[in-house]
Amino acid sequence: MFMRLFSIFFFVFGLLFVSFGQLNDDFSDGDFTSNPTWQGDDTEFIINTNNQLQLNAPSLTDTSFLSVETGILDFNSNVTWEFFVKLDLSPSNSNNFRFYLTSDNANLQGYLNGYFIRVGENGSTDKLKLYRQDGFSTSLLATGLNGAYGINPEFRVRVNRDINGNWEILSDSTGASNFIYEAGATDNIHTFSTFVGVWCKHTSSYNDNFYFDDILVSGNVINDNDAPMVQDAFVIGDNLIEIQYSEPVTSSAESITNYSLNFGNGNPLLVNLSSTGYELMFNNPFNANDTLVLDISNISDLSGNILNTTIDVVVPDTADYGDLLINEILFDPLSGGYDFVEIYNASSSAVDLFGYMLADYDDGIGNFKSIDQHFVLNPEGIAVFTEDSMAILNEYPSNDPNAFVQMDIPTFPNDSATVYILSPDSNIIDGFSYNDDMHFELINDPEGVSLEKINPNYTSNDPSNWHSAAESVGWATPGMTNSQVYNGSLGTEFFKVETEVFSPDSDGYQDVAVFSYYLNTSGMVGSVVIYDKNGRIIKRVLNNELLGAEGQLTWDGTNEQGNKASVGIYLVYFESFTANGEVYSQRSPITLKTRF
């Protein structure tokens, strides 16, 4: 057997301290409680006379595990695992083992993220299988070629992972070291690990028939000298706060004395470890829009680094109709691309989007897609929803990755549809009916071009408040201020040309003309017509339509034939009249220019 080695050689990698670490445990010293220290169900394992780690559990149907700390594995370099297994049984769904290659939790029976090798299925041609574990759920990534592990198998496994997340599984089904290829997979979902270990599922008849030896982990280890951070914190109930840390922490995070909240709450009544973080329950209910001040102290990570900090947590409010508005949509993506929907918080309160829904209309509102993660959207904040965030980020350079929520969204047709935002109680918050004719007429092919709202606070279902995203920003601005946004406040005059000079050249600067009106009488009908200097009609922007008490209109610089109007000065004629025949009108100039 190999001599036990646990050596570390240090070097500097960028701003992180990285070391080459090798864990090699052949159990030749006769114990597993020191150098290194295995933990878990330590009373259910022994070192036998052959210096092998052997299951020695009570005669019960149960699971037993041991894990050992490796340090933080550096997945920006190659990592290799090797281990020997002997099973004096025919593996099955009732008697099987897992070797955890990676885990972010020492408790291999608990909630964890990692990867493991398994042998054990019904039948006599058991194969090596690679799984990914997400919390409590598992996903099969690869199945070996060799079905030689069904009857009393004794074998050795080598697993290689490169920096791109490519996994290679090799084995010798005789237990020697003549490795042959078994399977491969590509997966880099989990890139944080501090533990490896063994896990045995056994019936009462096979409580001591699992053997392990020559466990090797070879790769770089990140030497953690930084305290954990609060990655996220949000209100999840009337008196509940959830805390998520940036890395695994010790049981110090479950001590009520390490937290204190303002508004007379003090320490929490209890702290529960959930599948996503730590839930803190306090005595007093929270009030919407309050800013909670939470003191956090003595939270230790697995390397002994201590966090002491104070954070603010805003208590969100619930959204009413018009509080959340659709602000941008890509419904006709490039070939192989993905749709996205962007919403804007037009209210004065923060809103947690968890449980809100996106939907579309097909003989009624349907195809509901629920937002399944907490995302607190502050006033004037933006959130982007798409099925593939990375694809959108790579396609559109004008983006804010912090605004993205990756989730299943309704499929939006390329020609026309209606998209809705609904509350957790299925109340409509906003709706927008789009069609491809709303794109700028001079864009020959709108594929891959988003529609942006011009005034984010204005109603969504006014076609004049939408325009194609500018070419200069890459045809979309997911998570960013819209390229066509009008930042000025609308006037309270009877009629006003808000943009006296505009240039419809898709450069993202004054691409549309914006008009506003403010009426003292309701129920008026109005028209807006653009004339050239010779008195010829160039464009009917509005033609005898019922007006609201106030609003805005836009002109994209095209004429009645859909061509770009010539550079020059034009007359904007606004006329409105009441049901009694009273007529009000105003003429205002506007200049159409070009950057050339």
Requested in this report: Might you work through the side chain to side chain donor-acceptor pair (under 3.5 Å) test for Asn207 and His202, ending with a clear yes or no?
Outcome: CA-CA 6 Å; Asn207 60 312; His202 56 87; over 6 Å; no
Query raised in the report: Can you list the steps and then say if Tyr420 with Ile429 is a side-chain contact (heavy atoms from CB on, under 4.5 Å)?
Result: CA-CA 7 Å; Tyr420 289 95; Ile429 304 298; over 6 Å; no
Report task. Mind listing the closest non-hydrogen atom pair of Phe404 and Pro478 along with its distance? Result -> CZ-CB, 3.7 Å
Query - Flag for Ser464-Asp462: side-chain donor and acceptor within less than 3.5 Å - result: yes
Report task. Start with the C-alpha gap between Asp31 and Thr33, add the side-chain angles, then the distance that decides, and say whether side chain to side chain donor-acceptor pair (under 3.5 Å) holds. Result -> CA-CA 6 Å; Asp31 81 87; Thr33 59; 3.0 Å; yes
**Report entry** Polar side-chain atom of Asn305 near backbone of Ser300 as donor-acceptor pair, under 3.5 Å
**Finding:** no
**Report entry** Side chains of Lys453 and Ser460, donor plus acceptor under 3.5 Å
**Finding:** yes
**Report entry** Ring centre gap for Phe331 and Tyr434 strictly below 6.0 Å
**Finding:** yes
Query - Donor-acceptor contact below 3.5 Å, side chain Ser255 vs main chain Ser252 - result: no
Query raised in the report: Would a distance-only check, ignoring hydrogens and angles, find a side-chain to backbone donor-acceptor pair under 3.5 Å from Ser251 to Glu254?
Result: no
Query - Heavy-atom side-chain proximity of Asp42 to Phe32 below 4.5 angstrom - result: yes
Requested in this report: Report yes if the distance between the aromatic ring centroids of Tyr278 and Tyr245 is under 6.0 Å, otherwise no.
Outcome: yes
Report summary line: From the list Ser348, Ser347, Ser349, side chain to side chain donor-acceptor pair (under 3.5 Å) partner of Asn345 resolves to Ser347
Report summary line: When rounded to the nearest 0.5 Å, the distance separating CG of Asn265 from OH of Tyr259 is 15.0 Å
Query raised in the report: Are Phe432 and Trp466 close enough that their ring centres sit under 6.0 Å apart?
Result: yes
Report task. Using the ring pair (Phe, Tyr, Trp, His ring centres under 6.0 Å) rule, pick out the option among Phe65, Phe83, Trp81 that qualifies with Phe99. Result -> Phe83
Query raised in the report: Could you give the distance from CG (Asn308) to CD1 (Ile299), rounded to the nearest 0.5 Å?
Result: 8.5 Å
Query raised in the report: Counting distance only, does the side-chain N/O of Asn105 pair as donor-acceptor with the main-chain N or O of Asn107 below 3.5 Å?
Result: yes
Query raised in the report: Between the side chains of Ser516 and Glu498, is a donor N or O closer than 3.5 angstrom to an acceptor N or O?
Result: yes
Query raised in the report: Looking just at side-chain N and O atoms, do Thr310 and Asp295 make a donor-acceptor pair shorter than 3.5 Å?
Result: yes
**Report entry** CE-CD distance between Met390 and Glu395, expressed to the nearest 0.5 angstrom
**Finding:** 13.5 Å
Query raised in the report: What are the two closest non-hydrogen atoms of Ala233 and Ile311, and how far apart are they?
Result: CB-CD1, 3.7 Å
Query raised in the report: How long is the gap from CG on Leu353 to CG on Leu377, to the nearest 0.5 Å?
Result: 5.0 Å
Query - Under 3.5 Å: donor-acceptor pair, side chain of Asp290, backbone of Leu292 - result: no
Query raised in the report: Does Lys201 use its side chain to pair, donor to acceptor, with the backbone of Asp62 at less than 3.5 Å?
Result: no
Query - Contact check, side chains of Val235 and Val376, non-hydrogen atoms, under 4.5 Å - result: no
Query raised in the report: If you count the non-hydrogen atoms of other residues, nucleotides and ligands that lie under 6.0 Å from CD in Glu380, is the total more than 12?
Result: no
Query raised in the report: Heavy atoms, side chains only, cut-off 4.5 Å: are Val293 and Leu261 in contact?
Result: no
Query raised in the report: Taking Thr102 for the side chain and Ser193 for the main chain, is one N or O donor matched with an acceptor at less than 3.5 Å?
Result: no
Query raised in the report: Which is it for Asn160 and Val79 under the side-chain contact (heavy atoms from CB on, under 4.5 Å) test, yes or no, and what are the steps along the way?
Result: CA-CA 6 Å; Asn160 299 315; Val79 185; over 6 Å; no
**Report entry** Aromatic ring proximity Tyr100/Phe116, centre distance under 6.0 Å
**Finding:** yes
Report task. State, with a plain yes or no, whether a side-chain heavy atom of Thr477 is found less than 4.5 Å away from one of Glu328. Result -> yes
Report task. Determine whether Ser139 and Tyr131 make a side-chain contact, defined as any pair of heavy atoms from C-beta on separated by less than 4.5 Å. Result -> no
Report task. Under the side-chain contact (heavy atoms from CB on, under 4.5 Å) rule, what do Ile243 and Ile241 come out as? Steps first, then yes or no, please. Result -> CA-CA 7 Å; Ile243 305 293; Ile241 295 175; 3.8 Å; yes
Requested in this report: Mind listing the closest non-hydrogen atom pair of Ala253 and Val249 along with its distance?
Outcome: CB-CG2, 3.6 Å
Query - Exercise: identify the closest heavy-atom pair between Asn367 and Lys369 - result: OD1-CE, 3.2 Å
Query raised in the report: For the atom pair CD (Gln552) and CG (Asn465), what is the distance rounded to the nearest 0.5 Å?
Result: 4.5 Å
Query raised in the report: Do Tyr115 and Trp167 have ring centres separated by under 6.0 Å?
Result: yes
**Report entry** Any side-chain donor near an acceptor of the partner, Asn113 and Asp104, under 3.5 Å
**Finding:** yes
Requested in this report: Compare all side-chain heavy atoms of Asn327 with those of Glu452 and state whether any distance is below 4.5 angstrom.
Outcome: no
Query raised in the report: Is the shortest heavy-atom distance from the side chain of Ile236 to the side chain of Glu279 under 4.5 Å?
Result: yes
Requested in this report: Evaluate whether atom OH of Tyr338 has more than 12 neighbouring non-hydrogen atoms of other residues, nucleotides or ligands under 6.0 angstrom away.
Outcome: no
Query - Where Ser103 and Leu108 come nearest, the two heavy atoms and their spacing - result: OG-CD2, 3.8 Å
Report summary line: Scanning both residues in full, the closest heavy-atom pair of Leu66 with Leu53 reads CD1-CD1, 3.8 Å
**Report entry** Under 3.5 Å donor-acceptor, Asp339 side chain and Phe412 backbone
**Finding:** yes
Query raised in the report: Is it true that atom CG of Asp238 has more than 12 heavy atoms of other residues, nucleotides or ligands lying nearer than 6.0 Å?
Result: no
Query raised in the report: Does the Ser450 side chain pair with the main chain of Leu330, one donor and one acceptor, at a distance under 3.5 Å?
Result: no
Report task. Mind running side chain to side chain donor-acceptor pair (under 3.5 Å) on His190 and Asp134 for me, showing each step along the way? Result -> CA-CA 9 Å; His190 301 313; Asp134 309 294; 2.6 Å; yes
Query raised in the report: Could you walk me through whether Leu324 and Asp430 pass the side-chain contact (heavy atoms from CB on, under 4.5 Å) check?
Result: CA-CA 7 Å; Leu324 303 175; Asp430 191 31; 5.8 Å; no
**Report entry** Flag side-chain contact, heavy atom, 4.5 Å: Phe368 against Leu422
**Finding:** yes
Report summary line: When rounded to the nearest 0.5 Å, the distance separating CG of Leu307 from CD1 of Ile296 is 6.0 Å
**Report entry** Test side chain to side chain donor-acceptor pair (under 3.5 Å) applied to Asp41 and Ser64, step by step
**Finding:** CA-CA 6 Å; Asp41 299 318; Ser64 307; 4.5 Å; no
Query raised in the report: Taking Asn378 for the side chain and Gly381 for the main chain, is one N or O donor matched with an acceptor at less than 3.5 Å?
Result: no
